[in-house]
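Everything below concerns the one structure shown next.
A, B, ... follow the sequence lines: proteins, then strands. Residue 1 opens every chain. This one's a predicted model, so the numbers in the text were calculated from it and none came from an experiment.
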Amino acid sequence: MRMSQMFIPTLREDPADAEVASHRLLLRAGFIRRVTSGVYDFLPLGLRVLRRIETVVREEMNRAGAQEILMPMVQPAELWRQSGRWEKYGRELLRFVDRHDHESCLGPTHEEVVCDLVRRELRSYKQLPMNLYQIQAKFRDEVRPRFGLMRGREFIMKDAYSFHASDDDLAREYANMFETYMRIFRRLGLRFRAVEADTGSIGGRRSHEFHVLADSGEDVIAWCGACDYAANVEMAEARREAPSGAAAEVSETDTPGASAVEDVAAMLGVAPALLVKTLVYRARRAEGEDELVAVCVRGDDQAQEVKLARFLGADEVAMASDAEIESIGGVAGFVGPVGLTARVIADESLRGAEGLVAGANRVDAHLVGLSMARDVPTAEYADVRAAREGDACPRCGGGIRLARGIEVGHVFELGRQYAEPMGVVFQNDKGERTVATMGCYGIGISRLVAAVVEQCHDEAGIIWPMHLAPFHVTVVQLGKSEEVAARCHALCEALEEAGLDVLWDDRNERPGVKFRDAELLGIPLRVALGERGLAAGVAEVAVRGGEKLDVPLDEVAAFARAERERRLS
RNA sequence: CGGGACGUAGCGCAGCCUGGUAGCGCACCAGUCUGGGGGACUGGUGGCCGCCGGUUCGAAUCCGGCCGUCCCGACCA
């Protein structure tokens with residue numbers, strides 16, 4: 001392709017509103033443009049990368065036995081009512097009414113539609129198992145879209161749904177998909193980690209997330225340095241030592257103005273770990289009234305709200321207001337577990353702890369010498385703290401480490417939670433009417449574009465892995481003599497002959513501009529040819545992010561092909 | 001939804017405090033020179049100063065409302 005004729009609007013300067021590397025570089029290099037918050041155009045280069053990722057995903061899904069279909073983006077409310085999610089999904093589901101006053105929504109995920117499709121056709125166990133997938137635009141009306149393609153409202157996703165006659169067969173397919181995902185992310189050349197995960201609003205019994213490791217990631221994952229335990233911190237069961245102070249009588253002491261953990265600890269001369277941090281949460285459930293609960297963790301720990309919500313069986317937990325805190329006998333800033341009229345959920349690490357300091361539920365006062373067993377006898381114990389670096393692994397006791405990750409894949413054992421209400425039934429081998437069991441498996445295709453850039457870039461620009469590069473090689477034409485142009489053209493043809501996708505920079509620009517753009521775009525191989533090289537019979541071949549060397553003109557194509565093969569294997 | 005910042009040419013920004021002809025760099029167009037790491041010179045093009053209203057003889061500038069964007073938090077397969 002002639003670069004002079006392609007739509008590649010590069011920017012010399014960083015866009016003011018792009019913070020993270022992938023957002024900044026994808027904009028600068030002319031891969032994407034923003035249409036509105038969380039919604040992007042894919043320009044020719046961006047689309048090429050997207051297609052490459054799709055191809056890898058498609059090949060591996062097909063190989064794993066899944067079949068590609070395409071479902072609609074617009075979905076009728078009645079299907080969502082059948083699954084119960086029309087009420088449950090919340091404002092992230094973009095709803096609208098058509099001209100006939102029918103309620104609809106833009107699909108954020110497709111369990112309902114695929115169940116509707118399958119239930120119409122499924123009669124016999126002999127039709128199972130079945131794994132259907134699609135690669136399609138999703139819409140989720142995110143509260144806060146950000147970081148370009150990383151968290152968009154509209155995004156491209158591969159979603160697969162499998163149907164099974166038995167839980168055993170579902171477990172088999174889950175493992176199959178898990179392995180398939182491992183293969184996909186390996187092929188994409190990413191540093192990633194599979195972790196145990198919360199099932200969130202999709203629901204189901206068991207799930208794993210696949211995270212690309214990157215500091216800009218929005219998730220934190222915990223893993224064990226000694227065994228293969230790994231989990232999202234929303235799940236991670238890491239344990240800590242439970243330090244106790246000296247047993248003592250409980251008494252109240254003045255702590256004027258000291259509310260923050262560090263201030264109280266400093267004022268009383270005790271370690272922050274001996275403080276009991278008490279947080280009041282409002283738990284919301286689809287049915288029933290909101291409940292206020294007090295949550296106790298160590299002063300140097302953080303509460304983990306996803307764990308808490310799971311323990312409470314709540315759809316959502318949020319920090320309570322000062323007024324709500326007072327309604328259960330607490331005082332904002334000085335809340336403690338003693339004397340509250342709400343349930344007290346204490347983290348496991350507080351079980352049996354003594355000699356603690358806690359808020360006295362009175363302004364400017366704390367209790368010292370607190371014993372959980374003696375003074376908070378009604379406390380319920382649960383794992384509600386966030387794992388920290390250095391905690392003990394729940395499997396082997398090894399040291400837990402934390403890292404940030406970008407969630408690019410998620411697999412779920414759904415079980416019958418959609419199939420049951422949606423009526424996905426068949427006759428089993430005994431002629432009995434049976435509800436199918438399901439799995440679902442997602443990959444964020446457009447998010448992967450961003451994730452790859454987060455992992456593969458330097459100051460100068462993107463460094464695409466060979467698999468994903470919009471072009472394998474760019475031929476940089478230096479100078480504008482007919483001779484140079486002709487030889488560059490011939491080089492391009494030879495490279496294409498050798499099976500490479502070639503971007504020919506035939507623009508009337510200075511060499512510096514072309515070199516910088518080649519680096520910004522991140523094309524893995526760069527072949528530069530001008531009068532000087534022509535005279536010597538060589539072209540300069542540079543590997544993006546690597547070395548450069550002169551290669552005789554008639555060997556360039558073979559060299560590039562070998563280089564490509566080497567990087568693809 | 002809470003907190004913060006911002007909105008002036010395609011991009012990056014100044015001007016606003018202290019009201020009086022809308023600026024700079026890059027990009028773009030024409031020309032000359034140049035040609036292996038964002039070239040030089042000359043001459044140009046391009047603006048609803050986010051929108052609506054108010055104050056004023058006069059508003060990019062002051063005031064009010066709205067819209068949009070970004071960041072932090074809350075939230076999230």
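Ion pairing between A/D14 and A/R28 holds under the 4.0 Å rule for side-chain N and carboxylate O. With salt bridges taken as basic N to acidic carboxylate O contacts below 4.0 Å, one links A/E218 and A/R146. For A/E142 and A/R151, the salt-bridge test passes: some basic side-chain N is under 4.0 Å from an acidic carboxylate O. Of the charged side-chain nitrogens involved, at least one lies within less than 4.0 Å of a carboxylate oxygen, so that A/R388 and A/D301 count as a salt-bridged pair.
Residue contacts for A/R526: at a heavy-atom cut-off of 4.0 Å it reaches a base atom on one of the strands shown. Contacts of A/E519 with the nucleic acid, taken as non-hydrogen atoms under 4.0 Å apart, include base atoms. The residue A/G409 sits apart from the nucleic acid: no heavy atom pair falls under 4.0 Å. Among the protein residues, A/P15 comes within range of the sugar-phosphate backbone only, with heavy atoms under 4.0 Å from sugar or phosphate atoms but none that close to a base.
A distance of about 31 Å separates the P atoms of B/G58 and B/G68, rounded to the whole Å. Nucleotides B/A60 and B/G23 are separated by 13 Å at their P atoms, to the nearest Å. The C1' atoms of B/C70 and B/G54 are separated by 29 Å, rounded to the nearest whole Å. Nucleotides B/G53 and B/G47 are separated by 22 Å at their P atoms, to the nearest Å. Taking the C1' atoms as reference points, B/G19 lies 12 Å from B/C57, given to the whole Å. Taking atom P in both B/G38 and B/G43, the straight-line distance is 25 Å, to the nearest Å. For B/G4 and B/C41, the C1' atoms lie 46 Å apart once the distance is rounded to whole Å. Rounded to whole Å, the separation between the C1' atoms of B/A22 and B/U32 comes to 31 Å.
Distance, A/R507 CZ to B/G37 C1': 13 Å, rounded to whole Å. Taking atom CG on A/D322 and atom P on B/G2, their separation rounds to 16 Å, with Å as the unit. With rounding to whole Å, A/Q477 atom CD is found 17 Å from B/G37 atom C1'. With rounding to whole Å, A/F139 atom CZ is found 18 Å from B/C76 atom P. Between the CZ atom of A/F155 and the P atom of B/C76 there is a distance of 15 Å, rounded to whole Å. Put simply, CE on A/M319 is 17 Å from P on B/G3, counting in whole angstrom units. Atom-to-atom, NZ of A/K548 to P of B/G36 comes out at 14 Å; the value is rounded to the nearest Å. Between A/D198 atom CG and B/C75 atom C1' there is a gap of 14 Å when expressed in whole angstrom units.
Figure legend. B/C1 is base-paired to B/G73; pairs are counted as Watson-Crick or G-U wobble with both atom distances under 3.5 Å. With a cut-off of 3.5 Å on both pairing distances, the Watson-Crick or G-U wobble partner of B/C11 is B/G25. Here B/U32 sits opposite B/A40 as a Watson-Crick or G-U wobble pair (both hydrogen-bonding atom distances under 3.5 Å). With a 3.5 Å ceiling on both atom-pair distances, B/U56 lacks any Watson-Crick or G-U wobble partner. Taking a pair to require two hydrogen-bonding distances under 3.5 Å in either a Watson-Crick or a G-U wobble arrangement, B/G46 remains unpaired. Across all strands shown, B/U61 remains unpaired; no Watson-Crick or G-U wobble contact has both distances below 3.5 Å. Figure legend. B/G19 is base-paired to no nucleotide; pairs are counted as Watson-Crick or G-U wobble with both atom distances under 3.5 Å.
Nearest-nucleotide positions on RNA chain B place A/D14 closer to the 5' end than the other of A/D14 and A/E407. Residue-to-nucleotide proximity on RNA chain B shows that, of A/T10 and A/G442, the 5′-proximal contact is made by A/T10.
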Pairs under 3.5 Å (N/O, protein and nucleotides 68-74 of chain B):
residue	atom	partner	partner atom	Å
B/U69	OP1	A/T36	OG1	3.3
B/U69	OP1	A/S37	N	3.1
B/C72	OP2	A/R144	NH1	3.4
B/C72	OP2	A/R144	NH2	2.7
B/C72	OP2	A/R146	NH1	3.4

Which atoms of nucleotides 30-34 of chain B (N or O only) lie under 3.5 Å from a protein N or O atom, and what are those distances?
residue	atom	partner	partner atom	Å
B/U34	O2	A/R510	NH1	2.3

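Applying the 3.5 Å distance criterion, the base of B/G36 shares a donor-acceptor pair with the side chain of A/E540. Side-chain atoms of A/E531 stay outside donor-acceptor range of the base of B/G35, with no qualifying N/O pair under 3.5 Å. In this model, no side-chain donor or acceptor of A/R28 finds a partner on the base of B/G10 within 3.5 Å.
The side chain to side chain donor-acceptor pair (under 3.5 Å) test applied to A/E519 returns A/R526, not counting sequence neighbours. Remark: A/R34 engages no residue in a side chain to side chain donor-acceptor pair (under 3.5 Å) (not counting sequence neighbours). Evaluation of the side chain to side chain donor-acceptor pair (under 3.5 Å) rule for A/Q304 yields no partner, not counting sequence neighbours.
Other residues, nucleotides and ligands place no more than 12 heavy atoms under 6.0 Å from the CG atom of A/D215.
A/F178 contributes atom CZ, which lies 12.5 Å from atom CZ of A/R183 (distance to the nearest 0.5 angstrom).
For the OP1/OP2 pair of B/G36 and a distance below 4.0 Å, the side-chain nitrogens and oxygens of A/R532 include no atom meeting the criterion.
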Exercise. A/F31 and A/W464: ring pair (Phe, Tyr, Trp, His ring centres under 6.0 Å), yes or no, with the steps?
Worked result: CA-CA 13 Å; A/F31 283 65; A/W464 292 108; 5.5 Å; yes
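You'll find the ring centres of A/H208 and A/F210 outside the 6.0 Å limit.
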Donor-acceptor contacts, no H, no angles, side chain residues 528-538 of chain A, under 3.5 Å, sequence neighbours left out:
residue	atom	partner	partner atom	Å
A/E531	OE2	A/S481	OG	2.8

